[in-house]
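Reading through the structure tokens given below for one structure.
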Amino acid sequence: MEITHNMKSIIFDYNRTIYNPEEGIVFPGSLEILQKYKDAGFVLFLVAKGGIDRKNQIKDLNIEHFFKKIIVHPEKTKDDFIDAMNECAEKTVFFVVGDRVKKEIRFGNECDMTTIWLKNGKFKDEEPELDIEKPDHVIHELSELESVILRS
Ligand SMILES: [Mg+2]
């Protein structure tokens with residue numbers, strides 16, 4: 001890898017972060033946000049819980065091209081995030097965005113990533129109970145990402 005400094009990556013949770021399961025659509029504006037960060041040189045990952053149906057759903061949404069890797073497993077674990085880290089140079093700075101403090105926020109914190117809780121939807125009242133579940137930042141919609149992740 002040529003660039004070993006200043007690389008930045010964002011790991012996006014899928015369900016209720018990019019995708020709105022209640023309406024069966026990606027959240028309005030999400031694709032523009034993904035494109036913006038991709039254009040700015042961020043390496044993007046998608047992590048999702050599920051199996052072949054979920055993989056097919058992601059394929060059908062035509063969002064695969066945004067991501068360096070799409071990580072789908074029956075249960076989300078810290079290993080999903082380590083998997084993303086292994087795809088990037090050692091000094092890459094990682095951000096994690098997701099709607100669940102007990103899942104992606106916790107695992108992101110365990111990997112020393114900067115964690116951003118999208119406090120919205122079904123799990124907005126699922127507050128952190130442990131220190132490791134506490135996000136570095138809280139936003140209420142994806143468009144607020146820019147207030148946390150400044151463009152480089
Ligand atoms: Mg989610």
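In this structure, the side chains of Ile18 and Leu142 come closer than 4.5 Å at one or more pairs of heavy atoms. In this structure the side chain of Gln57 reaches within 4.5 angstrom of the side chain of Tyr14, judged on heavy atoms.
Partner Asp13 forms a side chain to side chain contact (heavy atoms under 4.5 Å, CB included) with one of Glu104, Arg100, Lys103 and no other, that one being Glu104. Each of Glu127, Glu126, Glu133 was checked for a salt bridge (Lys or Arg N to Asp or Glu O under 4.0 Å) with Lys102, and the lone residue meeting it is Glu133. Here the options are Thr17, Ile10, Leu145, Val96, the test is side chain to side chain contact (heavy atoms under 4.5 Å, CB included), and the partner is Ile116; only Leu145 passes.
Taking the side chain to side chain contact (heavy atoms under 4.5 Å, CB included) definition, one finds that Asp83 meets it with Lys69, Ile71, Glu87, sequence neighbours left out. Not a single side chain to side chain donor-acceptor pair (under 3.5 Å) links Asp79 to another residue, sequence neighbours left out. In terms of the ring pair (Phe, Tyr, Trp, His ring centres under 6.0 Å) criterion, Phe45 has no residue partners (sequence neighbours excluded). When the side chain to side chain contact (heavy atoms under 4.5 Å, CB included) test is applied to Glu110, the partners found at least two apart in sequence or on another chain are Lys78, Arg106, Phe107, Ile132. Applying the side chain to side chain donor-acceptor pair (under 3.5 Å) test to Lys124 and every residue at least two apart in sequence or in another chain returns nothing. Applying the side chain to side chain contact (heavy atoms under 4.5 Å, CB included) rule to Phe67 yields the partners Phe12, Leu34, Leu44, Leu46, Ile63, Ile70; only residues at least two apart in sequence or on another chain are considered. Taking His73 as the reference, Asp80 meet the side chain to side chain donor-acceptor pair (under 3.5 Å) condition, with sequence neighbours excluded. With sequence neighbours excluded, no residue forms a side chain to side chain donor-acceptor pair (under 3.5 Å) with Glu144.
By the 4.5 Å side-chain criterion applied to Ile, Leu, Val, Met, Phe, Trp and Tyr, Ile25 is assigned to no cluster and stands alone. As a member of the Ile/Leu/Val/Met/Phe/Trp/Tyr network built from side-chain separations under 4.5 Å, Trp117 groups with Val101, Ile105, Val138.
The minimum heavy-atom distance linking Ser9 with Phe94 is given by the pair OG-CE2, 3.3 Å.
Applying the salt bridge (charged side-chain N to carboxylate O under 4.0 Å, His left out) test to pairs two or more places apart or on separate chains, those with a residue in residues 47-67 are Lys49-Glu75. Each salt bridge (charged side-chain N to carboxylate O under 4.0 Å, His left out) pair with one or both residues in residues 20-33, not counting sequence neighbours, appears once here: Arg16-Glu22.
Taking 4.0 Å as the cut-off between side-chain N and carboxylate O, Asp131 and Lys134 count as a salt-bridged pair.
Counting only distance, with no hydrogens or angles, the side chain of Thr115 and the backbone of Asp136 share a donor-acceptor pair below 3.5 Å.
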